[in-house]
Amino acid sequence: MSTERDLAGRLALVTGAARGIGAAVVEVLAERGARVLATDVDAPAAEALAVRYGDRVVARALDVTDATAVEDAVAEAERTLGPLDIVVNVAGILRGASVVELDDADWAAVFAVNTDGVFHVSRAAARRMTSRGRGSIVTVASNAAGVPRSGMAAYAASKAAAVMFTKCLGLEVARHGVRCNTVSPGSTLTDMQRALWERSPGGAEAGRRAVLDGDPDAYRTGIPLGRIAEPVDVAHAVAFLVSDRARHITLHDLYVDGGATLRA
Ligand code: NAI
């Protein structure tokens with residue numbers, strides 16, 4: 001089986017699809033033949049992405065923190081586009097601050113998107129996939145879920161919860177032929193990453209170098225492969241996990257971080 005069109009005939013829903021890693025996931029899934037429902041809280045940006053792909057990509061506004069909106073969107077997608085074969089949870093936010101400075105609203109906002117959102121979307125999809133006996137769900141988490149990072153406690157904890165949630169869901173639905181995996185990226189060149197660099201005391205370039213070379217003050221190793229990931233590097237890992245080539249892979253957490261957490 002060639003990888004080029006191996007997702008032909010599949011329908012995929014992607015959250016956080018308007019930019020960055022989500023947009024790359026849309027692109028790679030569409031290139032490999034899937035029809036894609038590209039959803040994002042930023043509807044105009046999702047629409048601008050979708051028009052580039054003609055009828056292979058349909059855009060919809062969707063805020064993953066709203067459980068009712070998620071249920072309605074999934075029901076409408078199945079009614080108008082067909083059964084969902086693939087769901088990719090990409091929507092995520094980062095509100096960086098040390099714990100002593102972190103306020104309640106930022107803590108809640110991070111969990112609302114990164115953890116509750118994954119629950120809402122995966123639950124709505126799993127209810128339907130299990131009754132059909134097939135389907136694949138991938139959650140884009142973060143390598144920060146597996147290694148402590150200063151200034152990122154809420155983010156890292158929300159991602160660790162999303163990883164464990166996705167594994168537990170995978171266990172429950174495996175007998176129904178549904179696979180659930182996570183992809184955990186390291187630093188990836190997107191707006192989220194650039195915003196982190198901007199906050200670096202030495203400026204954006206110093207922030208970029210600290211990610212690449214490591215930062216002993218932050219107890220942080222660099223990236224052994226010596227490069228920052230492009231969004232498409234993460235998207236290819238997602239596309240593999242949702243494809244039939246990964247048909248015997250479930251409950252897996254695939255790190256795409258150039259070795260930054262020394263797991264490879
Ligand atoms: P980004 O900030 O460039 O894009 C995130 C997208 O999610 C945006 O289009 C935004 O509108 C959307 N979004 C935010 N809140 C939403 C909500 N409530 N409902 C629906 N959509 C919402 O982020 P990036 O870098 O592309 O990250 C994508 C995912 O990858 C996130 O889950 C992030 O935590 C994760 N990640 C990113 C890394 C990086 O270095 N860029 C590293 C590790 C993980």
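Numbering starts at 1 and runs along the sequence shown.
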Residues Arg149, Asn143; criterion side chain to side chain contact (heavy atoms under 4.5 Å, CB included); working and verdict: CA-CA 10 Å; Arg149 294 257 192 256; Asn143 69 354; 4.1 Å; yes
With the side chain counted from C-beta on, respond yes when [X] and [Y] share a heavy-atom pair under 4.5 Å apart, and no when they do not.
X      : Y      : answer
Val234 : Val183 : yes
Leu262 : Thr221 : yes
Ile249 : Phe240 : yes
Val232 : Glu27  : no
Asp116 : Thr65  : no
Gln193 : Thr188 : no
Ile228 : Trp197 : yes

Calculate, to the nearest 0.5 Å, the distance between atoms [atom1] and [atom2] belonging to [X] and [Y] respectively.
X      : Y      : atom1 : atom2 : value
His252 : Lys167 : NE2   : NZ    : 8.5 Å
Ile21  : Arg19  : CD1   : CZ    : 12.5 Å
Arg52  : Glu47  : CZ    : CD    : 12.5 Å
Leu11  : Glu78  : CG    : CD    : 8.0 Å
Arg56  : Glu31  : CZ    : CD    : 8.0 Å
Leu169 : Arg123 : CG    : CZ    : 11.5 Å

At their closest point, which heavy atom of [X] faces which heavy atom of [Y], and how far apart are they?
X      : Y      : value
Asp42  : Ala18  : O-CB, 4.1 Å
Ala73  : Leu62  : CB-CD1, 3.8 Å
Arg5   : Ala30  : NH1-O, 4.2 Å
Ala46  : Ala38  : CB-O, 4.1 Å
Ile137 : Met129 : CG1-SD, 3.9 Å
Ser136 : Leu241 : OG-O, 3.7 Å

Report task. Flag yes if more than 12 heavy atoms outside Asp103 fall under 6.0 Å of its CG atom; otherwise flag no. Result ->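 Yes, enclosed.
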Is [X] linked to [Y] within one hydrophobic cluster, defined over Ile, Leu, Val, Met, Phe, Trp and Tyr using a side-chain heavy-atom separation of less than 4.5 Å?
X      : Y      : result
Val64  : Trp107 : no
Val173 : Val87  : yes
Val70  : Val25  : no
Val121 : Ile93  : yes
Val118 : Val113 : yes

Distance-only, no hydrogens or angles: does the [X] side chain make a donor-acceptor pair with backbone N or O of [Y] under 3.5 Å?
X      : Y      : result
Asn181 : Leu251 : yes
Thr190 : Met192 : yes
Thr130 : Arg127 : yes
Thr115 : Ser158 : yes
Thr15  : Val90  : yes
Thr39  : Val14  : yes
Asn114 : Lys159 : no
Ser243 : Arg245 : yes
Asp40  : Ala17  : yes

Tell me whether [X] is salt-bridged to [Y], with the criterion being a basic N under 4.0 Å from an acidic carboxylate O.
X      : Y      : answer
Arg220 : Asp215 : no
Arg208 : Glu205 : yes
Asp244 : Arg10  : yes
Arg194 : Asp191 : yes
Arg227 : Asp233 : yes

Going through the checks in order, is the side chain to side chain contact (heavy atoms under 4.5 Å, CB included) test met by Asp257 and Ile223? CA-CA 7 Å; Asp257 72 353; Ile223 303 178; over 6 Å; no
Take Leu84 and Arg128 through the side chain to side chain contact (heavy atoms under 4.5 Å, CB included) test and state the conclusion after the steps.
-> CA-CA 8 Å; Leu84 282 173; Arg128 293 161 173 90; 6.0 Å; no
- Verdict with supporting geometry, Leu29 and Val88, side chain to side chain contact (heavy atoms under 4.5 Å, CB included): CA-CA 10 Å; Leu29 296 186; Val88 189; 4.3 Å; yes
- Is there a donor in the side chain of Asp253 and an acceptor in the side chain of Thr182, or the other way round, less than 3.5 Å apart?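 There is such a pair (donor and acceptor under 3.5 Å, judged by atom type) between the side chains of Asp253 and Thr182.
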